A.B. asks: 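Below you will find the structure I want to go over with you.
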Amino acid sequence: ELQLLLMTTIQHQIMFKFVILIFALSALSAAETSNFELILSHANVADGLFDLNLTVSGTQNSDDASANTYCIVGTFDAVMQDAYRDATGKFQFKLEYYYDNAIVDTLEWKQTSWITDSNIVGFELIGDITGSDGKVFPLDAVAEGNRFSGLGLNVGLYSHYSWLDGSGAGHNFFYHSVGCFKVYNKGAMSGIVGMTERETDGTGFAYGQRLWIRTVPTPSPTIRATLAIDNTTAYTGTIQNKEGYVFVSDPYGSFQV
């Protein structure tokens with residue numbers, strides 16, 4: 001009987017860890033999505049491009065996020081921008097490029113400078129640059145001047161191709177373009193440079209893109225869950241951060257999932 005009781009207790013612990021982990025990951029995933037606000041999108045370059053007036057107003061079809069070209073970046077004045085900074089003074093962005101082969105490449109990063117500043121300051125890549133096909137793009141795979149270093153105002157020789165790019169004043173080209181005015185190779189915009197799986201010449205050419213900014217940069221949500229056995233509280237767990245730590249109350253000590 002004692003052995004059966006111990007086995008039952010262990011099974012309950014394992015079941016609780018599994019249920020809490022699934023619950024936590026679901027909640028955290030939902031929080032990650034809801035904490036980003038769409039600030040620019042370009043559905044398909046074949047259906048039209050951004051107007052050059054974007055360089056003046058910073059907006060286009062600002063009341064219609066479903067439009068082929070949509071941008072509200074120009075509505076962010078200095079006060080509004082500060083409301084989106086995290087505790088370290090940085091903004092957090094997510095950028096996606098869409099390709100004809102149904103692959104989506106995603107970049108997520110932080111930077112101190114606003115995206116319309118020509119000089120990019122405080123760039124910090126979050127995780128890896130990844131594709132929906134499982135490909136991972138190493139940041140240092142291309143020359144330093146061509147690699148993504150945050151978003152900034154495109155002031156180089158090719159500023160007539162896009163409003164923003166992944167180097168700002170740091171390079172003359174327009175790789176990782178955002179806010180496309182003119183298509184480049186293969187009737188598309190410059191996407192992830194160096195993704196050889198995208199184009200044989202090593203430069204990705206995308207047909208669409210979306211840019212998000214992280215809204216309220218608060219810590220991941222705290223989730224508590226309790227499992228009652230035989231009318232007693234046996235376990236209490238707390239998800240404390242996005243890594244998914246669960247702590248279990250006495251008398252069983254603590255474990256991590």
Side-chain angles (χ1 to χ4, degrees), residues 22 25-51 54 60-62 64-73 92-110 115 125-143 146-151 154 158 161-167 173-215 242:
I22 297 301
L25 291 178
S26 298
L28 292 172
S29 177
E32 289 294 313
T33 302
S34 62
N35 282 348
F36 279 96
E37 178 183 347
L38 182 67
I39 57 175
L40 182 147
S41 72
H42 197 164
N44 197 322
V45 294
D47 294 329
L49 304 171
F50 277 99
D51 190 279
L54 186 66
Q60 188 161 326
N61 298 315
S62 58
D64 184 8
S66 65
N68 183 55
T69 53
Y70 166 78
C71 181
I72 59 170
V73 173
Q92 184 171 335
F93 298 98
K94 180 167 63 174
L95 175 62
E96 290 184 343
Y97 286 104
Y98 303 90
Y99 301 87
D100 285 333
N101 52 12
I103 291 174
V104 180
D105 287 338
T106 303
L107 306 90
E108 191 170 335
W109 77 98
K110 293 183 178 183
I115 53 177
L125 185 68
I126 298 176
D128 295 310
I129 301 175
T130 58
S132 58
D133 57 347
K135 300 292 184 181
V136 177
F137 173 65
L139 193 63
D140 57 356
V142 295
N146 297 345
R147 74 182 61 158
F148 184 78
S149 57
L151 275 185
N154 181 4
Y158 299 90
Y161 277 97
S162 69
W163 182 35
L164 312 175
D165 67 13
S167 59
F173 293 125
F174 61 105
Y175 298 137
H176 313 100
S177 63
V178 170
C180 183
F181 301 134
K182 182 179 180 179
V183 294
Y184 187 54
N185 198 357
K186 301 187 177 182
M189 70 180 77
S190 173
I192 305 297
V193 177
M195 273 290 198
T196 55
E197 292 81 3
R198 305 296 179 257
E199 296 291 342
T200 56
D201 63 1
T203 302
F205 296 103
Y207 73 82
Q209 64 183 186
R210 285 186 180 178
L211 174 66
W212 289 268
I213 186 171
R214 191 168 179 83
T215 54
K242 67 189 298 181

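What you see is a predicted model; the values in this text were computed from it and never measured.
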A.B. asks: Which atoms form the tightest heavy-atom contact between Phe181 and Trp163, and what is the distance?
C.D. replies: CE1-N, 3.5 Å
A.B. asks: Apply side-chain hydrogen bond (donor to acceptor under 3.5 Å, both in side chains) to Tyr98 and list each qualifying residue two or more places apart in sequence or on a separate chain.
C.D. replies: Glu96
A.B. asks: Quick check for you: to the nearest 0.5 Å, what is the distance between Glu108 atom CD and Ile129 atom CD1?
C.D. replies: 11.5 Å
A.B. asks: Please answer whether the main-chain N or O of Thr130 pairs with a side-chain N or O of Asp128 as donor and acceptor at a distance below 3.5 Å.
C.D. replies: no
A.B. asks: Please find the pair of heavy atoms, one from Ser132 and one from Ala102, that lie closest to each other, and give the distance.
C.D. replies: OG-O, 4.1 Å
A.B. asks: Can any side-chain N or O of Asp64 pair as donor or acceptor with the backbone N or O of Tyr70 at less than 3.5 Å?
C.D. replies: no
A.B. asks: In chain order, what residues pass the side-chain hydrogen bond (donor to acceptor under 3.5 Å, both in side chains) check against Ser41, with sequence neighbours excluded?
C.D. replies: none
A.B. asks: Once rounded to the nearest 0.5 Å, what's the spacing between atom SG of Cys180 and atom CG of Leu164?
C.D. replies: 11.5 Å
A.B. asks: Quick check: does any side chain N or O of Asn154 sit under 3.5 Å from a backbone N or O of Ser162, one acting as donor and the other as acceptor?
C.D. replies: yes
A.B. asks: Taking side-chain contact (heavy atoms from CB on, under 4.5 Å) as the test, write out the residues that go with Thr69, two or more places apart.
C.D. replies: His42, Phe50, Gln60, Asn61
A.B. asks: So which atom in Leu211 and which in Trp109 form the shortest heavy-atom distance, rounded to 0.1 Å?
C.D. replies: CD1-CH2, 4.0 Å
A.B. asks: Carefully, step by step, assess Phe93 and Leu151 under the rule side-chain contact (heavy atoms from CB on, under 4.5 Å).
C.D. replies: CA-CA 9 Å; Phe93 298 98; Leu151 275 185; 5.8 Å; no
A.B. asks: Looking at every heavy atom in both Phe36 and Trp212, which two are closest together, and how far apart are they?
C.D. replies: CD2-CB, 3.8 Å
A.B. asks: For the residue pair Ile72 and Glu37, establish whether any side-chain heavy-atom pair is separated by less than 4.5 Å.
C.D. replies: yes
A.B. asks: Measure the OH-CG distance between Tyr207 and Asp47 for me, rounded to the nearest 0.5 Å.
C.D. replies: 10.5 Å
A.B. asks: Are any side-chain N or O atoms of Tyr97 and backbone N or O atoms of Ser177, one a donor and one an acceptor, separated by less than 3.5 Å?
C.D. replies: yes
A.B. asks: Assess the residue pair Ile115 and Ile39 against the criterion (side-chain contact (heavy atoms from CB on, under 4.5 Å)); give the C-alpha distance rounded to whole Å, side-chain angles, the decisive distance to 0.1 Å, and a yes or no.
C.D. replies: CA-CA 11 Å; Ile115 53 177; Ile39 57 175; 4.1 Å; yes
A.B. asks: So how far is it from Leu49 CG to Tyr161 OH, rounded to the nearest 0.5 Å?
C.D. replies: 11.5 Å
A.B. asks: Just so I know, are the side chains of Ile103 and Asp105 near enough to count as touching, which here means a heavy-atom distance under 4.5 Å?
C.D. replies: yes
A.B. asks: As an exercise, state the distance from OG1 of Thr106 to CG of Leu95, rounded to the nearest 0.5 Å.
C.D. replies: 8.5 Å
